[in-house]
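Order of appearance sets the numbers: ligands from 1, and atoms from 1 within every ligand. Computed from a prediction, not measured in an experiment: that's the story for all the values here.
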Amino acid sequence: MSTLSSHTVRSSVFARYQPIIDLTTNRIVGCEALARWRADDGRETSIESVIDELESQEDLALDLTTCMFSCLKADLGTLLVEHPTFSVSVNLPPIVLGKNQIMPVLEKLGLIAHLPQLTGEITERQALNEQGRDAIRLARQLGVRVAIDDFGTGHSGLQQLIGLEVDTLKIDQSFIRQLGTNVAAERLVRGIAALASILKVNIVAEGIETPEQAAFLRAIGIEKGQGWLWAKALDAHELYAWLD
Ligand code: G
Ligand code: MN
């Protein structure tokens, strides 16, 4: 049974923004909007404890996504206008794309002009069933780019993955963490880089924490990364400061 109401979701969810860095220039090229949860006592917490419940119900998942786009517009609206090449990624649960409810939200928020600057992230695990494949198609129809999140963790067949029409693969941080200590993880990351290059899709490496990890990724041709090496998820003021 659900313990969360629409009202609670709308008043508790807010966004933080983690910079996405061009590994060759070390400059910020975009960010990922990460959902945070404000607990009853005002503390900021991770959304982990409620995310499964939110994403299992269509109305709550839509409330979550609406909150994220609404924060994004309020926090980064000016930035999107002033920096037309800056792009923002938002996690998009497939369940919210199914009923064409997102477009009215984007229209109401005045985000239509910025659709090419937005990327919807769908996890590899969610991308491969029928609902996930439909979600990818619907996101593309909306005019946003599509990224496969947590790439490498879904235990999917290569054949299924190659069939997905996406713009970007986001290599999961569990592989990045093992660079330098686990040869198998290094080979896998090299393999993903080669695959992406053949498929002509972009790569973002997630969870980069050390200069050595960044150097390895740069050396094998991965263009973009995010992680604590540069910044944790920031509020809008901190993100604007990064741009200067
Ligand atoms: O599922 P997704 O890959 O979008 O999850 C991003 C999560 O990873 C966020 O909760 C974020 O706080 C966390 N994260 C981002 N950068 C790093 C990092 O460099 N190291 C670790 N351990 N976690 C990170
Ligand atoms: Mn993500």
So, the side chain of [X] versus the backbone of [Y]: is there a donor-acceptor pair under 3.5 Å, distance only?
| X | Y | answer |
| --- | --- | --- |
| T45 | W37 | yes |
| T153 | D150 | yes |
| Q101 | L97 | no |

As an exercise, identify every atom of ligand 1 less than 4.0 angstrom from a heavy atom of [X].
| X | answer |
| --- | --- |
| G227 | 16 (N), 19 (O) |
| D150 | 1 (O), 2 (P), 3 (O) |
| Q18 | 15 (C), 16 (N) |
| I208 | 19 (O) |

Exercise. How does D149 reach ligand 1, if at all, at less than 4.0 Å between non-hydrogen atoms: by side chain, backbone, both, or neither?
Worked result: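 For D149, only side-chain atoms sit under 4.0 Å from ligand 1.
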
For this session: Taking all non-hydrogen atoms of both residues into account, name the closest pair between E58 and K99 and its distance.
Result: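 It is OE2-NZ, 3.4 Å.
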
For this session: Do me a favour and list the nearest non-hydrogen protein atom to atom 3 (O) of ligand 1 with residue, atom name and distance?
Result: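 That would be E206 OE1, 2.8 Å.
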
Exercise. When you measure from atom 11 (C) of ligand 1 to every protein heavy atom, which one gives the shortest distance, and what is it?
Worked result: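 Checked against all protein heavy atoms, atom 11 (C) of ligand 1 sits closest to L34 CD1, 4.0 Å.
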
For this session: Measure the distances from the heavy atoms of G207 to every atom of ligand 1 and state whether one is below 4.0 angstrom.
Result: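 It does, in that a heavy atom of G207 comes within the 4.0 Å cut-off of ligand 1.
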
For this session: Return yes when Q226 approaches ligand 1 closer than 4.0 angstrom through a heavy atom, no otherwise.
Result: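 No.
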
Problem set entry | For V146, the option from V166, T168, V201 that meets side chain to side chain contact (heavy atoms under 4.5 Å, CB included) |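 Among V166, T168, V201, the one that satisfies the side chain to side chain contact (heavy atoms under 4.5 Å, CB included) with V146 is V166.
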
Donor on one side chain, acceptor on other, [X] and [Y], under 3.5 Å:
| X | Y | answer |
| --- | --- | --- |
| Q131 | Q126 | no |
| E32 | N91 | yes |
| D63 | S6 | yes |

Problem set entry | Among E121, E209, Q173, closest by any non-hydrogen atom to atom 14 (N) of ligand 1 |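 The option holding the nearest heavy atom is Q173.
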
For this session: Return the option from E32, R36, R177 holding the heavy atom at the smallest distance from atom 12 (O) of ligand 1.
Result: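 Selected option, by shortest heavy-atom distance: R36.
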
Exercise. Just to confirm, does any protein heavy atom lie below 4.0 Å from atom 8 (O) of ligand 1?
Worked result: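 It does; a protein heavy atom is within 4.0 Å.
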
Exercise. Within a distance of under 4.0 Å, is there any protein heavy atom near atom 23 (N) of ligand 1?
Worked result: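 So atom 23 (N) of ligand 1 has protein heavy-atom neighbours under 4.0 Å.
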
The Mn ion (ligand 2) to [X]: nearest N/O/S atom name:
| X | answer |
| --- | --- |
| D149 | OD2 |
| E32 | OE2 |
| E121 | OE1 |

Exercise. Taking distance alone, with no angle check, do W228 and ligand 1 share an N/O pair under 3.5 Å?
Worked result: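 Yes: some nitrogen or oxygen of W228 is under 3.5 Å from one in ligand 1.
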
Exercise. Can you list the residues that meet the side-chain contact (heavy atoms from CB on, under 4.5 Å) rule with D41, with sequence neighbours excluded?
Worked result: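 Only A39, R43 meet the side-chain contact (heavy atoms from CB on, under 4.5 Å) criterion with D41.
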
Problem set entry | Summary of salt bridge (charged side-chain N to carboxylate O under 4.0 Å, His left out) pairs that have at least one residue in residues 186-211, sequence neighbours excluded |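 Output for this query lists K170-E206.
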
Exercise. Taking both backbone and side chain into account, is any N, O or S atom of S89 nearer than 2.8 Å to the Mn ion (ligand 2)?
Worked result: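 Given the 2.8 Å cut-off, S89 does not count as a ligand of the Mn ion (ligand 2).
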
Exercise. CG of N26: more than 12 outside heavy atoms within 6.0 angstrom?
Worked result: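 Atom CG in N26 is packed in, count exceeds 12.
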
